[in-house]
Structure formats: C-alpha cells, structure tokens
Amino acid sequence: MEPDIKIGLEIHVQLNTKTKLFCSCPTSASEPNTAICPICLGHPGSKPVMNSKALEYAAKLALALGCKLAPTVTFSRKTYFYPDLPKNFQITQHELPLGRDGKIALDDKSIVGITRVHLEEDPGALIHKGNHVLIDYNRSGIPLCEIVTTPSINSPSCAREFLKKLNTIISYLDIFDPNNGVIKADANVSIKEKGFVRVEIKNITGFKEIERALTYEIERQKESEVIQETRGWSAERGITYPMRKKETEADYGYIVEPDLPVFTIAEEWIQAIQSEIPELAQERAARWEAELGIDKSDAKIIASNKRVANLFEEVAKTTDPILAARWIRREVLRVLNDKGKDIKETAFDAQHLTELINLLRDKKITNRIGQKITEKLAEKAFSPKAYVEENKLTMVGDEDELESLCKQIIQDNPKAVSDYKSGEKKSLQFLIGQVMRATKGRANAQLTRALLEKLLEN
Amino acid sequence: MIKEFAKKARAGSIDLVEHTRKAIESAQKINEEYKYITELGDAISRAQELQKSAKEGKAKGKLFGVLITAKDAICVQNLESTASSAILKGYKPLYNATVIERCLEEGAIILGKTVQDEFGFGGFCTNVGKGYSKPKNPNDKKRVCGGSSGGAAGITKKADFAHIALAESTGGSIANPASFCGVVGLTPTYGRVSRHGLISYANSLDKIGAMAKTVEDAALLLEIISGADPKDSTSASTPVPEYSEIPGTVQGIKIGVLESAVDERCDNSVRKAVLCAISKLEELGARRINIELPLNSKYALAAYYILALSEASTNLAKFCGIRYGAYDTLNGTYNDYFSRVRSDNFGDEAKRRILLGTFARMAGFRDAFYTQAAKIRTQLIKEYKEAFKKVDVIITPSMPTIAPTFEHVKKLTPLQSYLMDELTCPPNLAGLPHISIPCAEHEGLPIGLQIIGDHFCENKIIQVAKTWSQISK
C-alpha cells in the first residue's frame, strides 16, 4: 500500500577526527581563520592528503548501518561557485560511495533504507555582519559523513525517531563530538494528495526541529499548490520558505579527483573496523530484556546513551539489575537532565551507585533518601553506606516505632483527620508527609501509609 | 657540465658571488631581448650564504652554486608564482614546491621564474597571460620558443653560466620547446616527481621534469627531484637510480620506430634527420623494429584534450578574486563578481579551455566525452605496454616541424595548433617518460628526437639519449 507521506533524509555528520580530511589543520579552533593552511584554503599548488582516520570513522558508521562497503575509495570533484568553498569545488564521493544499502529499523518495525554513506569535506562558514559577509575557513576541510535515506519515512515523528536512532549509533561509535560538531539534515518531503511532488528543505538542526519542520511543511503542502523546489527552514518563525525553484538537477560537472589515488579496500581492513564496532543500543536493550528481565522501556532509554548504558552494565553485575535499571532510568537520568550534563561530566561511578542500590534493595534507606544521595553522588564520589550510617539516615521500618509516631501525628492534626474522614482522601498524603518530615524522610513510605490507614479506620 | 661546476664550487675554487652576479647580469640582458624570465629571486644573498659555507668547509650538494630556474607554475616561497596568468598577479606562495626544496637541499640557487603559456595552455608560448611578453626563439627571434615551458627552454639554450631548468609537461610542454629551442628536455614517468607546489593544469597528466644543455645535466636534476613525497599522494615510491651515472650505450637495445610518426605528415627535413639518427644508432648495435600504435595514433590527441581540459576547468575554478591574486571592487552578486574577475584576467585560450572542459563534464555529455576518454586512456596505455614487450624504447620526432614563426602561428586555428601535439601527446597521456634531444639542424633551427620509454624506465631513454649525444658531438 502506498503511504500518504514520503520523507527522505540527507544527514551530514561532522566526524570528530583531530585533523581535517585532507590536511593536518586541527578541527577545533576558536578564533576565525586560525586553523587554516594552503591545502584547506585551496592555494595554488597545494594537494590533498587523505586522513585515514576519517576514512575509518566513515567506514565504521557505514558498517554499523549495515551497509556494504565499496571495493575502492574514490573521490570526485563537485564543482560550484560559492565564496565559502575555497577551491570552488568540493571533494566528495559521487559514483562510488563508501557504503551502500544499509538500514535502520524503527520501533514500529518499519525499515528506513539507507541508500548511501559517503565522505566529503565541509566548506567554510559565511558570517553575515551588517552589510558585510565575512568568511571563516576554519571549518573548510573538516570531514563530513553524509547519510542518505530512501524516501521510506512516513511521518514527521518517524523522521525524528530515525534521527535519534542514528544519533545513538553515532555516539556509540565515538565518531562525533556533540559539543564541537553539528548534525544537519536536509529533508525531501512529498504527499500523496499532491501527486508526490518533491520539496526539499535545507539545513535543519536537531530532532525537535526536524519534526516541527516536516509537520509544518506537510500542512503547508495540504493547503497550497506544491511545486518542485528547495525551501529553507526558519526555526525562529517556525515556517519553511522558498529558496530556489528546482527545474532540473543542478549540474555539478563531476569528475574523478585526480590528486588522490584510488584506494583499494582490503577485506582485512573491513574486518578490523568491524571488530571495533561495539554492541549497539538496539541489540544491547534487547539483550537486557531477554537476559536480565529489564523493563523494555527502561532498557531502551538506558541503552540509548552509551556511557549511561556502560555504567548500568557495571552496576547490574553485583546488584539487582531490575532495580538498578529503574533507579538509573528514573533518578540518575533525572539528575543529569536537571543539571544539563553528560554523565562523563559528573562524579557518578559504578562502585558507589551499586552500594546505593544495594541499600535500596535491602530497604536500608527510603527512596527519598536514595534520591538525595544520588544527587550528591553526581557531585562527588563517596560511600553511601558510610554516609547513611554517619548521618543516621537508615529507614525507620520498625512497626511499633512508626505506629506511635503515626498516632502522634493524628493527634496533632485534627483538621486533616476530620477532612479525611469526611472523604477528602488527599489529606492522607498530607499526614504521610508529616510523618516523613518528622523522620527527615527516613520513614518507610508504604508502611506509614498502611499504618495511617489502619489507625484512621478506627 | 653541472657536476664539475658544483664540485669546483664546493671546493671553493669558484667565486660563487661573482659567478651569480654575472649570471644575473647576463640573464637580464638576455631577458631584454628574449623575454624568458618573469621574476628574479634573491640569488645574491643565497650565493653569499653558500660561499660562506664553502669557506668554512661545509659545502655540500650536487647542485652547489648552480643556478636554477623554475617554470612559473612551480611555487617558490615569497617569489611571485602565477603560471604566467594575470589572475594570479601578486600571488607569492607561502611555501616551496617539493622540487624546489630538493634543489635547495642540494645547494642550488634560485635564479628566477620562467615564462610559459598561461597555465600551460599552448604549444608555442604565445598564449602567455595578459601583461606577459611572448618569449622569442633563441635561434631566431622571429620564431616561437614552443610551449608551454618556452621560457625554460629559451634560457637553457642562451645561458652562459651554470644553469639547469625545472620545467613541466602535461601534453608535451617539455619536449616541444626543447625541440624548438635545441636543448635536452626530460619528462619523467607520471608520479616519478612530486607535484606538490605545482599549479595544476591537469593533475592526472602533469609531470615536472628537467631541461639542460646536456643529457647528463638533465638526468642529474631528475635524480634530485625524483622520489616519493608524502605531500603528493600520487607520487611513486619506486626507487630512484643515479640517472646521471648511466653510461651511454645502445648495444642490444631494441628501438621501436613508429612508422606513422615518420610519414608524409612530418616535414621532410625532420623525417630525414630522425631516420638518419636511427641508422647511426643501429650502427652502434641497436636493433630497429618498426611498430604501429593504431589506437594511440587515432585517439590519443582527442582523449588527451578531453581529459586535460575537464581537469583544467575544475582547477581554474578556484581563481575568483577572493583569496589571492587579482581582485576587484566588490559589488553585485557573488556570481557577478566571480565572472567579472575571471573575464578580465583570464586570457582567451584559458577561457576556451574552461568552456571546452566544462562542456565535456556536463551531465548529458559526461559519459560521451569525459568518461569515454578515461576509458580510452586505459586502452592506450595497454597498447603501449604491449609494444614495450617487443622494444626497449620508441623513437619519433619530437615535433613534426622546426619552430614556426610568430607570423605563421597567428594564422593557425585552435584545432591546427592542437594537432601540433600529435607526437608529444600520446606518451604524455600514457604517463610514459620521454626525452627530447637535438638531433640535427635545418635552416639553422634545431630538430628534436623524442625517445620514449616504459613506465619508470627513465634509465633506458637516458642511456640511448646519451649515446646519441656522444656520437653527435
């Protein structure tokens, strides 16, 4: 059955090599035009020299996406005139991309086909300042990996999911630095009711943006006449706008890049790269589900962040894996989210987290205390066990002790008690809160609730 | 002889500063009349520095104190290098080409840059860029030098000081002017010499080579500049023999004579001279075997022009008045600006080649022209390889005529002038080493003999060329 919406994506990922694709300039520089040389400026007489690391990274991604690798690495010149392109041609791959015929499976089991994965150089950056345009060539020559999908994505949310999945794979491969580089997407989108006339949207950055841009564009196509064209996406205004009409495909006059030899890809090299690819998120989550009985959604969320996933695996070795998964998903990720930090920027470590989860498992502390300790563990490493003992934070779980405390609270709060008795059930929550306050969060919450309910029955 | 000069200079028995001063004076005088040099380097300070090291007994290098000129397309740090094009006016490279570095390591002195057809686009050195003067043939000022390395050939012939020239060939730009001016022009195998620092014409064809008065001197320069270079991924790691030490002998050498190259299309005088030279080599023990290269004869020229111009049209895209070289006031759109700078500064032949090359790689035409030409090149190389199973070297005239007059060249259509490359194009397209040596004179003008070898068999062409130079003395 033909879908109502066809979306294809073209994604550019900046590879986090130390040096550029064809010269030894660094890929990170703060001041404009400081990481440049005759090669990335296209000076007369300069010749490109291949960065083999970039080739490795791109091959790794192609293999991780299930692509077949080409027998040789061949580069081409794509000629067009633009001030940010020093040679007025870009060295890219044309006839023979590095990888072909890969795929990513979405959660609904639908398959997004990947047509090609190839390596190319980034142009420089244009900076518009008032009436002037400045050019920063620091970016010129940074290796880019381009991933092109078939138009097999059928909704904006699937496009978002695809990008997320791709991003997870990229982060597992350690070939992209989110703090330094960007992932940019161009999308082509067409709808059945307008005869699948293709519109291309340029330069969308981020998961949320891709969904927003596509949602907007599909609505626009439904409501207006659609012509084959290239549109831009304005994140501020939340609209796509016309950039240029596309009567014919642009003619880039591709020729083979004659300054670079054709490199043959050896089977051993492919095997070496393949062996460096770690178990990826989707397989990992499936394995946890099957082997450890981890909740599907916990497994997926933890696995999607490689470092968090590694931490979980470490912790799960010596404590209850289900509890560990739940705790890491809810509490550790909450703390990371609140702080807006990556796990490697925090003090979280497996040993102390395991200790904390053991305390929770053995009901030595309440969830509330557990949460507070989790927050502290993000800041610095310490022994939760010693900390609990030192600060007398052990859970009050003794029934007699709790019961007398509950009685006291009931006596002290006649208003809440009468409210509860007249049917206002949320007053119970207030009373539980009072018990917690009196114990500084150490009361066993379940037991407290049961005790209060019992006492208030009478 | 360069070797002897360098030896004496190292020993301190030559006053290098004085020799260099005289060389500059002489070069300037020659230049006033013949227009070979576009830019002079600071040769005196270099000579002083070398002289000092000789006095301290630290002199070393095979080119110690020798004056070198570089074809303008070869980058020399801080010395205007424009490939004789107005669009690069004022461009001073930030670095030395690898060949320059290697010559400097051997104690050479850079005398200056030699004029050429703009970006190498020509066979007569009459297509110099706007603002450049056309060099005149050292044997007759009414005649052209040949191209594109015309300035290099002219100064090599006229220099009355210790000098060798770095030249460059894409489709015959060394053999052609060497033949017309009467000097030795040695073009190596593609990849033998690093192209790092060479302003590209057609990257898959460009070869830096040597010009000198003698075979031995050209061979000496080649042995210095040859070898792998990490800065040029297409440079070959094949070991470099001591080319200058190769003795001249043709005993048992099988010479392939390309019959179609010595037929009626060739001037009578040229044909006679070349056939006569071949007979003399036979007398010395060489064996003549007649061969034909039908595919090369038919397709090499067309395939060469398609590939060379396709590549050239992309190489020249970078010259747009933004980062270096000629520029203009900024107004209009980017495209307006680029078009204005390029229209004003490229010469007619450069524009013609950009248009032809762009056409040959356009969608819809690419398969019929560019892709087809690339396939044909493979076939043409194969044909040569088959021939080299039977012969050691192939001999043809370098050019079908002696140097034409400026007057005559003016009347040629572009196609007629491209046809002059008929003999030099095939070995260049196949990336084969070849040498042009003077073999006779007609009306006081030199005739060049072209000896072609198999890939990386420079030794064989040098060996045959040396034999010839010994008997023709």
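In what follows, chains are A, B, ... by sequence order, proteins preceding strands, each numbered from 1.
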When only pairs under 4.5 Å are counted, which of [options] shares the most heavy-atom pairs with chain B?
{"options": "A/Leu260, A/Ile39, A/Leu41, A/Val256", "value": "A/Val256"}
{"options": "A/Gly253, A/Gly42, A/Cys37, A/Pro261", "value": "A/Gly253"}
{"options": "A/Val49, A/Ile135, A/Val133", "value": "A/Val49"}

Problem set entry | Under 4.5 Å from a heavy atom of chain B, the part of A/Phe89 involved | side chain
For this session: Against chain B, label A/Pro38 side chain, backbone, both or neither, depending on which of its atoms sit under 4.5 Å from a heavy atom there.
Result: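 Side chain only.
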Minimum heavy-atom distance between [X] and [Y], given as atom pair plus value:
{"X": "A/Cys40", "Y": "A/Cys25", "result": "SG-SG, 3.8 Å"}
{"X": "A/Tyr241", "Y": "A/Ser234", "result": "CE2-N, 3.9 Å"}
{"X": "A/Trp269", "Y": "A/Ala59", "result": "CH2-CB, 3.6 Å"}
{"X": "B/Leu79", "Y": "B/Pro93", "result": "O-CD, 3.3 Å"}
{"X": "A/Ala62", "Y": "A/Leu69", "result": "CB-CD2, 3.7 Å"}

Under 3.5 Å, which donor-acceptor pairs link chain A and chain B? Put them in a table for me, please.
from     : atom 1 : to       : atom 2 : distance (Å)
A/Gly42  : O      : B/Tyr324 : OH     : 2.9
A/His43  : ND1    : B/Tyr91  : OH     : 3.0
A/Pro44  : O      : B/Tyr95  : OH     : 2.9
A/Gly45  : O      : B/Tyr95  : OH     : 3.4
A/Gly45  : O      : B/Gly197 : N      : 2.7
A/Ser46  : N      : B/Tyr95  : OH     : 3.0
A/Lys47  : NZ     : B/Leu198 : O      : 2.9
A/Lys47  : NZ     : B/Ser200 : OG     : 3.1
A/Pro48  : O      : B/Ser233 : OG     : 3.4
A/Arg77  : NH1    : B/Thr314 : OG1    : 2.6
A/Arg77  : NH1    : B/Asn315 : OD1    : 2.9
A/Arg77  : NH2    : B/Asn315 : OD1    : 3.3
A/Pro83  : O      : B/Arg323 : NH1    : 3.4
A/Pro86  : O      : B/Arg323 : NE     : 3.4
A/Pro86  : O      : B/Arg323 : NH2    : 2.8
A/Lys87  : O      : B/Lys318 : N      : 3.4
A/Asn88  : ND2    : B/Ala317 : O      : 2.8
A/Tyr137 : OH     : B/Arg323 : NH1    : 2.7
A/Asp251 : OD1    : B/Ala363 : N      : 3.3
A/Asp251 : OD2    : B/Ala363 : N      : 2.9
A/Gly253 : O      : B/Arg361 : NH1    : 3.1
A/Val256 : N      : B/Tyr370 : OH     : 3.0
A/Asp259 : OD1    : B/Arg195 : NH1    : 2.9
A/Asp259 : OD1    : B/Arg195 : NH2    : 2.9
A/Asp259 : OD1    : B/Asn203 : ND2    : 3.1
A/Asp259 : OD2    : B/Asn203 : ND2    : 2.9

Exercise. With sequence neighbours left out, what residues match A/Thr150 under side chain to side chain donor-acceptor pair (under 3.5 Å)?
Worked result: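 If we apply the side chain to side chain donor-acceptor pair (under 3.5 Å) test to A/Thr150, skipping adjacent residues, the hits are A/Ser152.
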For this session: List in chain and number order the residues that pass side-chain contact (heavy atoms from CB on, under 4.5 Å) with A/Pro242, two or more places apart in sequence or in another chain; answer none if no residue qualifies.
Result: A/Glu229, A/Arg231
Problem set entry | Under the side-chain contact (heavy atoms from CB on, under 4.5 Å) test, residues paired with A/Arg116 that sit two or more places apart |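 Counting only residues at least two positions away or on another chain, A/Arg116 forms a side-chain contact (heavy atoms from CB on, under 4.5 Å) with A/Pro97, A/His118, A/Val148.
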For [X], is it the side chain, the backbone, both, or neither that has a heavy atom closer than 4.5 Å to a heavy atom of chain A?
{"X": "B/Ala97", "answer": "neither"}
{"X": "B/Leu88", "answer": "side chain"}
{"X": "B/Leu94", "answer": "side chain"}
{"X": "B/Pro230", "answer": "backbone"}

For this session: Please confirm whether the backbone N or O of A/Val199 pairs with a side-chain atom of A/Asn188, one donor and one acceptor, at under 3.5 Å?
Result: no
Problem set entry | Beyond-backbone contact of A/Thr17 with A/Thr27, side-chain heavy atoms, under 4.5 angstrom |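 Heavy-atom side-chain distance check passes, below 4.5 Å.
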